[in-house]
Amino acid sequence: MNEFTNMPVPPKPRQALGDKIVRDIRPGAAFEPTYIYRLLTVIKSSLSEKGRQEDAEEYLGFILNGLHEEMLNLKKLLSPNNEKLTISNGPRRRPLNEEQEEPGEGSEDEWEQVGPRNKTSVTRQADFVQTPITGIFGGHIRSVVYQQSSKESATLQPFFTLQLDIQSDKIRTVQDALESLVARESVQGYTTKTKQEVEISRRVTLEKLPPVLVLHLKRFVYEKTGGCQKLIKNIEYPVDLEISKELLSPGVKSKNFKCHRTYRLFAVVYHHGSSATGGHYTTDVFQIGLNGWLRIDDQAVKVINQYQVVKPTADRTAYLLYYRRVDLL
C-alpha cells in the first residue's frame with residue numbers, strides 16, 4: 001500500500017462536446033510489485049511462479065487462502081492450546097461421496113439438528129477458525145443429501161467465492177444462476193458401504209452470507225474429450241443485488257433482515273478473448289473518492305459511467321463480481 005502515491009483530488013467535472021461530463025484524473029506511475037511476487041513463492045504452489053498466466057478466480061482463492069492460513073498460524077502461536085486449527089477453507093467443494101463418510105477424529109463436528117416440522121438431520125461442519133479474511137469474504141453453504149428411509153445428511157461448507165454454473169441455456173442472469181444453485185438435483189450411481197445403489201438427491205442453500213460477496217461466473221468448462229472451453233454467453237448482473245429468502249437455509253431465513261441480504265456492486269473482473277488457455281483481464285472498480293467508476297487495464301486508468309459497467313460487449317465477459325453488503329457502506 002505504501003508504494004501507491006495519493007491520487008490528487010480531481011477538479012470539478014468539465015463540460016465537453018455533446019454535453020458529456022468528463023473528469024480528469026491523474027493516476028500515479030505504474031510499478032511492478034516484485035517483492036510481492038517473491039513473498040508469494042513462500043506459499044508452495046505452481047501459482048506462485050512468476051510469469052505464468054493464471055485463472056483470476058483460482059489466483060484469488062490462492063491469495064485469500066494464503067492470508068487466511070498465515071493468520072491461523074499466528075493465532076496458533078498466540079494461543080497454541082486453545083485453538084483448534086482447520087483444514088484449508090477455500091472455495092473448492094468436497095466431492096459428494098465424502099459427505100456421508102464417517103468424520104475423521106478431530107476433523108469435524110457432528111450434531112443432530114431439529115429443523116422445520118420437527119424433522120431431524122445429521123449436520124456436519126468442518127472446524128472453522130475465524131480470521132479477518134473469513135470475517136470479510138467468508139460465507140457458508142449448506143449441502144443436504146436426501147436418502148429414502150434415512151435422516152437427512154447436511155454438511156456446512158465454507159467458501160470465499162460463490163461458484164455459479166452458467167452452462168444451461170435457461171441461465172441468462174445472476175438471479176437465474178443463484179436459483180439454479182439451490183435447485184434440488186438427483187444424484188445418479190450413488191452406492192452405500194454395502195455396495196447397494198440407492199436413490200438420493202441433493203440441495204444446496206446459503207447458510208451464511210459474507211460482508212463481501214464474490215460471485216464467480218464459471219465460464220471455463222471441461223469437455224468430455226478433456227479440453228477446456230470458454231462460455232462466451234452474456235450474463236446480466238445488477239448493481240443492486242438482493243439475495244431472496246428462498247436461497248437461504250431454512251434455519252436462517254427468519255434471522256436475515258433485508259439489509260443483511262442486499263448488496264451493491266463495487267468491482268467487476270472481465271476476461272477478454274475467446275480462448276480458455278489465454279486472454280487478458282481488466283477490472284472496473286467503484287472509487288469512493290470519485291463517487292464513480294474507474295476502468296483499469298494494466299497501467300491505463302480512466303473514468304467510466306455505471307452504464308458501461310453493466311453493458312455487455314462482445315470483446316469482454318464478466319468473470320468475477322464483487323458485491324458489498326449495503327448496511328456496511
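We use all heavy atoms of the structure for the numbers below, so side chains are in, but hydrogens, waters and symmetry mates are not.
- Phe286 pairs by the ring pair (Phe, Tyr, Trp, His ring centres under 6.0 Å) definition with Trp293, not counting sequence neighbours.
- Sorted by first and then second residue, the salt bridge (charged side-chain N to carboxylate O under 4.0 Å, His left out) pairs involving residues 273-291 (not counting sequence neighbours) are Asp284-Arg295.
- To the nearest 0.5 angstrom, Leu206 atom CG is 14.5 Å from Lys245 atom NZ.
- Looking at residues two or more places apart in sequence or on another chain, you find no salt bridge (Lys or Arg N to Asp or Glu O under 4.0 Å) involving Asp298.
- At a cut-off of 3.5 Å, with distance as the only test, no side-chain donor of His271 or Tyr281 sits close to an acceptor on the other residue.
- When ring centroids are compared, Tyr319 and His216 come within the 6.0 Å threshold.
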Criterion side-chain hydrogen bond (donor to acceptor under 3.5 Å, both in side chains) on Glu207 and Gln157, from CA distance to verdict: CA-CA 9 Å; Glu207 180 81 7; Gln157 301 164 317; over 6 Å; no
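- Between Phe62 and Phe160, the ring center distance fails the sub-6.0 Å criterion.
- Here the options are Gln163, Lys218, Arg219, the test is side-chain hydrogen bond (donor to acceptor under 3.5 Å, both in side chains), and the partner is Glu57; only Gln163 passes.
- Evaluation of the ring pair (Phe, Tyr, Trp, His ring centres under 6.0 Å) rule for Tyr263 yields no partner, not counting sequence neighbours.
- Leu162 and Leu328 sit in two unconnected hydrophobic clusters of ILVMFWY residues. Membership requires side-chain heavy atoms under 4.5 Å apart, directly or through other members.
- Remark: aromatic rings of His68 and Phe137 are distant, center separation not under 6.0 Å.
- Nearest heavy-atom pair across Ile235 and Ile171 is CD1-O, 3.6 Å.
- Partners of Arg324 by salt bridge (Lys or Arg N to Asp or Glu O under 4.0 Å), not counting sequence neighbours: none found.
- Applying the salt bridge (charged side-chain N to carboxylate O under 4.0 Å, His left out) test to every pair with at least one member in residues 270-281, sequence neighbours left out, gives no pairs at all.
- Partners of Thr262 by side chain to side chain contact (heavy atoms under 4.5 Å, CB included), not counting sequence neighbours, listed by chain and number: Glu242, Lys258, Val326.
- The number of heavy-atom neighbours closer than 6.0 Å to CD1 of Ile288, taken from other residues, nucleotides and ligands shown, is 12 or below.
- Looking only at distances, no side-chain donor or acceptor of Lys76 sits under 3.5 Å from a matching main-chain atom of Met71.
- By the criterion of side-chain heavy atoms lying less than 4.5 angstrom apart, applied directly or through intervening Ile, Leu, Val, Met, Phe, Trp or Tyr residues, Val239 is grouped together with Tyr322 in one hydrophobic cluster.
- Considering only residues two or more places apart in sequence or on other chains, Arg172 meets the salt bridge (Lys or Arg N to Asp or Glu O under 4.0 Å) condition with none of them.
- Two residues are said to be in side-chain contact when any heavy atoms from C-beta on lie closer than 4.5 Å; Arg203 and Ser143 fail this criterion.
- Other cluster members for Phe4: Phe31, joined by side-chain heavy-atom distances under 4.5 Å among Ile, Leu, Val, Met, Phe, Trp and Tyr.
- Residues forming a salt bridge (Lys or Arg N to Asp or Glu O under 4.0 Å) with Asp327 (at least two apart in sequence, or on another chain): Arg325.
- Applying the ring pair (Phe, Tyr, Trp, His ring centres under 6.0 Å) test to Phe257 and every residue at least two apart in sequence or in another chain returns His260.
- The local environment of CD in Glu70 is sparse, with at most 12 non-hydrogen atoms from other residues, nucleotides or ligands closer than 6.0 Å.
- The salt bridge (charged side-chain N to carboxylate O under 4.0 Å, His left out) contacts involving residues 228-241 comprise Asp240-Arg264, where partners must be two or more places apart or lie in separate chains.
- For the atom pair CG (Leu248) and CD1 (Ile141), the distance works out to 13.5 Å, reported to the nearest 0.5 Å.
- A cation-pi contact links Arg184 to Tyr146, judged by a cut-off of 6.0 Å to the six-membered ring centre and 45° from its axis.
- No continuous path of ILVMFWY side-chain contacts below 4.5 Å connects Tyr307 to Tyr270, so the two sit in separate hydrophobic clusters.
- Taking all atoms of both residues into account, the shortest heavy-atom contact from Gln175 to Ser244 is NE2-OG, 4.1 Å.
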